[in-house]
Amino acid sequence: MHIPPSPKRFTMHFSEVAHYFDLIERESSRVKMTQLLAELFKKASPHEARIIAYLSLGTLRATYEGTQFNFASKGMVVAVARVLDISEAAVSTSATQTGDLGAVITLHPWTHTDSQATLIEIHRALVEFEQLSGSGSVEDKVRYFTTLLQSVDALSARYLVRIVLQKLRLGFSEMTLIDALSWALVGNKSLHDRIEYAFNVSADIGFIAELSCAGGIAAVDSIGITVGIPIRPAAAERLPSAAAIIEKIGSAIAEPKFDGFRLQVHVKKHDEKTELRFFSRNLLDMSAMFPDLKAALLDLPVQSAVVEGEALAFDEQTGSFLPFQETVKRRRKYDIQSTMEELPLKLVLFDILYLNGESFLEKSQSERHNALATIVNTTNNALLSVAEEIRVETADALQHYFLQNITAGLEGVVVKRPDSSYQPGKRNFNWIKLKRSERGKLDDTIDAVVLGYYYGKGKRASFGIGACLIGVYNKEEDRFETIAKIGTGFSDDEWKELRVKCDTQKVNDCPHNVMVTRGLEPDIWVAPEIMVVVRADEITRSPAHTAGKTADRLGFALRFPRFLEYRFDKSPTEATSVDEVVSLFDQQKVVGEE
DNA sequence: ACTGACTGCCC
DNA sequence: ATTCTGC
DNA sequence: GCAGAATGGGCAGTCAGT
C-alpha cells in the first residue's frame with residue numbers, strides 16, 4: 001500500500017495536541033480514540049510524534065531514562081491557585097470534588113493569553129522545569145510552572161497539569177498508542193503486533209513512534225534486541241491453588257518465587273571493559289546500585305547477554321533470605337558501599353532473553369532455562385544462582401513443592417508452561433504465581449472495623465470515597481488501632497454503598513478510643529461500627545500504623561490489603577485482636593509447622 | 001544536625 | 001502489588 | 001482476556017524549617 005507523504009506543515013502547537021487530548025478524553029470508544037491519535041500522529045513530524053507519545057503518558061523521555069518532576073499534588077495546588085488567582089483551599093476543595101487537579105483549571109475563568117507555544121517548546125520547558133533542584137527550588141518550581149501555565153490557553157494548561165502529575169486519564173496508554181501508529185500507517189490495526197514487538201524489545205515508546213512515522217513499518221521491523229536497552233518484562237498471572245494451575249496448563253515447570261526485586265541484567269563485553277546495566281521491573285535504570293552484583297556478573301562466560309532474576313538480601317550467618325523490607329533498602333542512591341556490607345545481595349536468575357547476539361525470546365522455557373544454567377553454573381560465583389526448576393505433572397506434586405517452598409520461607413512458586421516462549425510485556429498464563437498467602441484460605445483474613453474514609457481521585461471522586469481506614473481491637477487498652485487502608489476489593493456499587501454506610505456513622509473528630517498516627521487521618525471519621533473481612537498477603541512491622549504499637553515496638557500493618565466482604569455477625573470489639581495479629585505475625589515465620 | 005512533609009518507586 | 005470494569 | 005485506572009505498605013531522597 002502506498003503511503004502518501006504527510007503534507008509539510010507548520011510546526012505543531014501544543015494547543016493542538018491539547019485539543020486532541022480533549023477530544024479523546026470525551027470519547028469512550030477505544031477505536032475512535034485510536035483514530036484520533038492516529039490523526040494526530042499523521043499531522044506530526046516524526047520528532048513531534050515522539051514527543052506526543054512521551055507527553056501523552058506523562059513523561060518526557062523513555063521510561064528507562066526516567067522522568068521525575070518532584071512536583072505532585074501539593075505543589076500543583078499552589079501553582080494552580082496562583083494561576084487562577086484563588087486560594088489554595090479553594091483549589092484543594094475543587095480538586096477533591098472533581099478528583100482531578102487538571103479539571104480545576106477549566107472550571108474557572110481563564111484570563112491568560114495563549115502565546116501559541118509549540119509542542120517542542122513546551123517539552124523543552126518541562127525539561128527545564130524538571131531540572132530545577134536544590135535550595136529554594138520548591139518556590140522556584142511553583143513559579144516556573146505558574147508562568148508556564150500562564151503562557152498557554154486553558155485547555156493546554158489543563159493537560160500540562162496532568163502531564164506533570166503523570167496522570168493523563170485519557171483512557172489510553174502504550175498499547176493504544178501502538179494501535180494508533182498502525183492506524184496512521186495503514187488505516188487499521190493490522191500492524192499492531194509488529195509495532196508492539198519492536199516496542200517490547202526496545203521499550204522506548206517515543207523512539208518507536210518516531211521510527212514508525214519516519215520510516216514506516218520497514219523501519220519498525222528492523223528493530224531487534226539491543227543490549228543496553230531494556231526489554232519489557234513478562235509477568236505472571238495468579239491462581240489460588242495448585243489444582244487450578246494444573247487444570248489450566250497441565251504438565252508444568254515449577255520454580256520458587258522469591259520476595260525481592262526483579263532485575264533485568266544487560267551484559268556486553270567490549271575489548272577492554274564490560275558494559276553492565278540493571279533495569280527494574282518498571283524499566284528504570286538501577287545500574288549504579290549494585291556494584292557487588294556487577295562484579296559477580298562480570299564472571300559470566302558470555303560476549304553479550306540479557307538475563308533476568310530476583311535480587312535478595314541474605315543473612316551471611318544463616319544464608320537465609322531476608323524479608324522484602326530489608327532487601328528493598330538496597331534500592332538507593334547513597335551509602336551504597338556501607339549498605340552493601342550490611343545487606344549483601346544474591347541474585348537468583350530465572351531467565352535468559354538474549355545470548356551472544358542471538359535472541360532467546362522464541363526459545364522454549366526449558367531451552368532457555370538450560371542455556372541459563374549452563375552459563376551460570378560454569379561461573380561458580382557465590383552471589384549468583386539459577387532458580388531451581390522441577391517438572392510437575394499433578395496438582396498433588398505441585399502442592400507438595402509449593403509447601404516445601406513456603407516452609408523454606410519463600411513467597412510461593414511460579415509455575416510455567418514448559419514449551420512457552422518468553423512473551424515480553426505480557427501478563428498471561430504462561431507464568432502463574434501461587435503465593436504463600438493462598439495457603440489456608442480463610443484463616444489468612446482479618447476482621448476489622450472501618451474507622452474513616454478518604455476522598456477518591458478520578459472515577460472515585462464521584463463516589464465521594466476512594467479508600468477507607470481500618471483497625472483492629474486492642475483488648476488491654478480497650479481501643480481500636482489502625483492496621484491498613486483499603487483501596488481495592490470493592491466494586492463501584494460497593495464503594496457507593498460503603499460511603500452511605502460510613503456517612504450514617506460519621507463523627508466529627510477522631511473517637512477517643514481510636515489510635516491513628518498523623519498522616520493517616522481520614523478525611524471523614526466514622527464511629528467504629530462497620531465490620532469488614534479483609535484479606536492480605538502478609539503482616540509486616542509498620543512505622544505508620546498503630547496496631548500493636550508500644551513505646552518500644554513498631555506497629556503492625558497488612559501487606560496488599562483488600563476488602564472481601566462485610567461481617568454482620570460480629571460486633572466491633574469482636575474484631576481481630578492485636579494479640580491475634582501478633583500471633584499471626586509470629587506464625588508466618590514458621591509456616592512449616594502445621 | 002535533625003525532623004516532618006512531600007515525592008517517586010519497589011513490592 | 002490487587003482488584004474492578006468496559007470493550 | 002486485554003488495557004486501563006483505581007487503590008495498598010513502606011523504603012530512600014529532597015527540601016524547608018528549626
Side-chain angles (χ1 to χ4, degrees), chain A residues 28-31 33 57 66-77 99 132-141 165-179 235 237-238 258-263 280-284 286 289 310-311 323-336 339 411 425-429 433 435 437 454 456-461 463 465-470 482-495 518-520 534-545 554-564:
Chain A
S28 69
S29 151
R30 181 162 305 279
V31 175
M33 285 166 43
L57 300 176
T67 300
Q68 258 189 246
F69 292 109
N70 286 310
F71 194 82
S73 51
K74 302 294 175 182
M76 194 59 82
V77 165
L132 295 173
S133 67
S135 185
S137 63
V138 168
E139 176 59 22
D140 290 348
K141 287 206 147 180
L165 295 179
Q166 314 213 337
K167 272 197 184 352
L168 274 286
R169 283 203 203 88
L170 299 176
F172 72 84
S173 185
E174 286 151 340
M175 287 306 125
T176 311
L177 286 177
I178 285 169
D179 271 346
E237 280 288 356
R238 184 170 175 169
F258 300 97
D259 191 14
F261 49 82
R262 185 163 173 177
L263 287 184
S280 74
R281 197 208 122 93
N282 296 314
L283 303 182
L284 272 125
M286 303 176 93
M289 296 181 186
E310 192 83 358
F324 177 74
Q325 273 171 287
E326 291 300 309
T327 295
V328 80
K329 291 178 182 168
R330 286 296 307 270
R331 196 187 73 80
R332 55 166 56 246
K333 186 173 167 186
Y334 302 111
D335 303 322
I336 289 175
T339 316
E411 204 189 5
K426 295 293 178 202
R427 180 187 300 276
N428 58 36
F429 289 95
K433 55 188 161 188
K435 296 183 63 163
S437 58
Y454 308 85
K457 291 181 176 171
K459 185 188 202 179
R460 301 256 176 104
F463 305 161
I465 183 171
C468 66
L469 180 66
I470 59 158
T482 73
I483 194 162
K485 290 196 285 179
I486 307 288
T488 191
F490 294 95
S491 67
D492 289 359
D493 285 344
E494 284 172 330
W495 280 114
R518 192 165 60 239
L520 284 171
V534 163
R535 192 145 147 62
D537 272 21
E538 197 179 354
I539 296 169
T540 57
R541 306 313 307 263
S542 171
H545 284 283
L554 285 175
F556 295 88
L558 303 181
R559 190 181 186 198
F560 311 140
R562 56 260 199 199
F563 169 81
L564 279 189

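So that the names make sense, note that chain A is the first sequence line, chain B the second, and so on, each numbered from 1. The structure displayed is predicted, hence computed values, not measured ones.
Taking CZ from A/Arg330 and CE from A/Met289, the interatomic distance works out to 10.5 Å, rounded to the nearest 0.5 Å. Atom OG of A/Ser73 is separated from atom NZ of A/Lys457 by 4.5 Å, given to the nearest 0.5 angstrom. Here A/Met175 contributes atom CE and A/Asp179 contributes atom CG; the two are 9.0 Å apart, rounded to the nearest 0.5 Å. Rounding to the nearest 0.5 Å places CD of A/Gln325 at 5.0 Å from OG1 of A/Thr540.
Listed by residue number, A/Gln68, A/Phe69, A/Asn70, A/Phe71, A/Ala72, A/Ser73, A/Lys74, A/Gly75 are the residues of residues 68-76 of chain A with a heavy-atom contact under 4.0 Å to DNA chain B.
In this structure, A/Arg541 reaches the sugar-phosphate backbone alone: every heavy-atom distance under 4.0 Å involves primed, P, OP1 or OP2 atoms, never a base. In this structure, A/Phe560 reaches the bases: a heavy-atom distance under 4.0 Å links it to at least one base atom across the strands shown. Among the heavy atoms of the strands lying under 4.0 Å from A/Gly260 are primed sugar atoms or P, OP1, OP2 only; no base atom is included. Counting any heavy atom pair closer than 4.0 Å across all strands shown, A/Ser29 reaches no nucleic acid atom. Counting any heavy atom pair closer than 4.0 Å across all strands shown, A/Arg559 reaches sugar-phosphate atoms only and no base atom. Using a 4.0 Å heavy-atom cutoff across all strands shown, A/Ser542 reaches sugar-phosphate atoms only and no base atom. Within 4.0 Å (heavy atoms only), A/Phe563 reaches no atom of the nucleic acid at all.
The side chain of A/Ala544 lies closest to D/dG10 when the candidates are D/dA6, D/dG10, B/dC10.
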Report each atom pair, protein N/O against N/O of nucleotides 1-5 of chain D, whose distance is under 3.5 angstrom.
from, atom 1, to, atom 2, distance (Å)
D/dG1, OP1, A/Lys248, NZ, 3.4
D/dG4, OP1, A/Ser173, N, 2.4
D/dG4, OP1, A/Ser173, O, 3.3
D/dG4, OP1, A/Thr176, N, 3.3
D/dG4, OP1, A/Thr176, OG1, 2.4
D/dA5, OP1, A/Gly171, N, 2.7

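In this model, the phosphate group of D/dC11 is not approached by any side-chain N or O of A/Arg332 to a distance below 4.0 Å at OP1 or OP2. A/Thr540 has a side-chain polar atom (N or O) that falls below the 4.0 Å cut-off from OP1 or OP2 of D/dG10. For the pair A/Lys141 and D/dC15, the criterion of a side-chain N or O lying under 4.0 Å from OP1 or OP2 is not met. The phosphate of B/dC10 (OP1 or OP2) has a side-chain N or O of A/Ser280 nearer than 4.0 angstrom. Here A/Lys485 reaches the OP1 or OP2 of D/dG8: one of its side-chain N or O atoms lies under 4.0 Å away. Note on A/Tyr334: a side-chain N or O is less than 4.0 Å away from OP1 or OP2 of D/dT14. Residue A/Ser137 places none of its side-chain N or O atoms closer than 4.0 Å to OP1 or OP2 of D/dT14.
Within a 6.0 Å radius of NZ in A/Lys167, other residues, nucleotides and ligands contribute 12 heavy atoms or fewer.
Sequence order on DNA chain C of the closest nucleotides to A/Asp492 and A/Lys435 puts A/Lys435 first from the 5' end. Checking A/Arg518 against A/Glu411, the closest nucleotide of DNA chain B that is more toward the 5' end is the one next to A/Arg518. Comparing A/Arg562 and A/Ser28 by the nucleotide of DNA chain C that holds the closest heavy atom to each, the one mapping nearer the 5' end is A/Arg562.
In this structure, A/Trp495 and A/Phe490 have tilted ring planes: the angle between them lies in the 30° to 60° band.
At whole-Å resolution of the value, CG in A/Leu520 and C1' in D/dG8 are 11 Å apart. Rounding to whole angstrom units, CG of residue A/Asp493 and P of C/dT5 are separated by 7 Å. Between A/Phe463 atom CZ and C/dC4 atom P there is a gap of 13 Å when expressed in whole angstrom units. Distance CG (A/Asp259) to P (D/dG9): 17 Å, rounded to an integer number of Å. Protein atom OH of A/Tyr454 is 16 Å distant from nucleotide atom C1' of D/dA6, rounded to whole Å. Rounded to whole Å, atom P of B/dC11 lies 11 Å from atom CG of A/Leu283. Going from atom CD of A/Glu139 over to atom P of D/dA16 covers 9 Å, rounded to whole Å. Taking atom CG on A/Asp537 and atom P on D/dG10, their separation rounds to 14 Å, with Å as the unit.
Between C/dA1 and B/dG8, the two C1' atoms lie 16 Å apart (nearest whole Å).
Electrostatic pairing of A/Arg427 and A/Glu237 does not count as a salt bridge here, judged by no charged N lying under 4.0 Å from a carboxylate O.
Residues meeting the side-chain contact (heavy atoms from CB on, under 4.5 Å) test with A/Lys74, sequence neighbours left out: none. Partners of A/Leu168 under the side-chain contact (heavy atoms from CB on, under 4.5 Å) rule, at least two apart in sequence or in another chain, are A/Phe21, A/Tyr159, A/Arg162, A/Ile163, A/Leu170. Partners of A/Arg262 by salt bridge (charged side-chain N to carboxylate O under 4.0 Å, His left out), not counting sequence neighbours, listed by chain and number: A/Glu308. Under the rule for a side-chain contact (heavy atoms from CB on, under 4.5 Å), the partners of A/Glu326 that lie at least two apart in sequence or sit in another chain are A/Leu322, A/Pro323, A/Lys329, A/Leu343.
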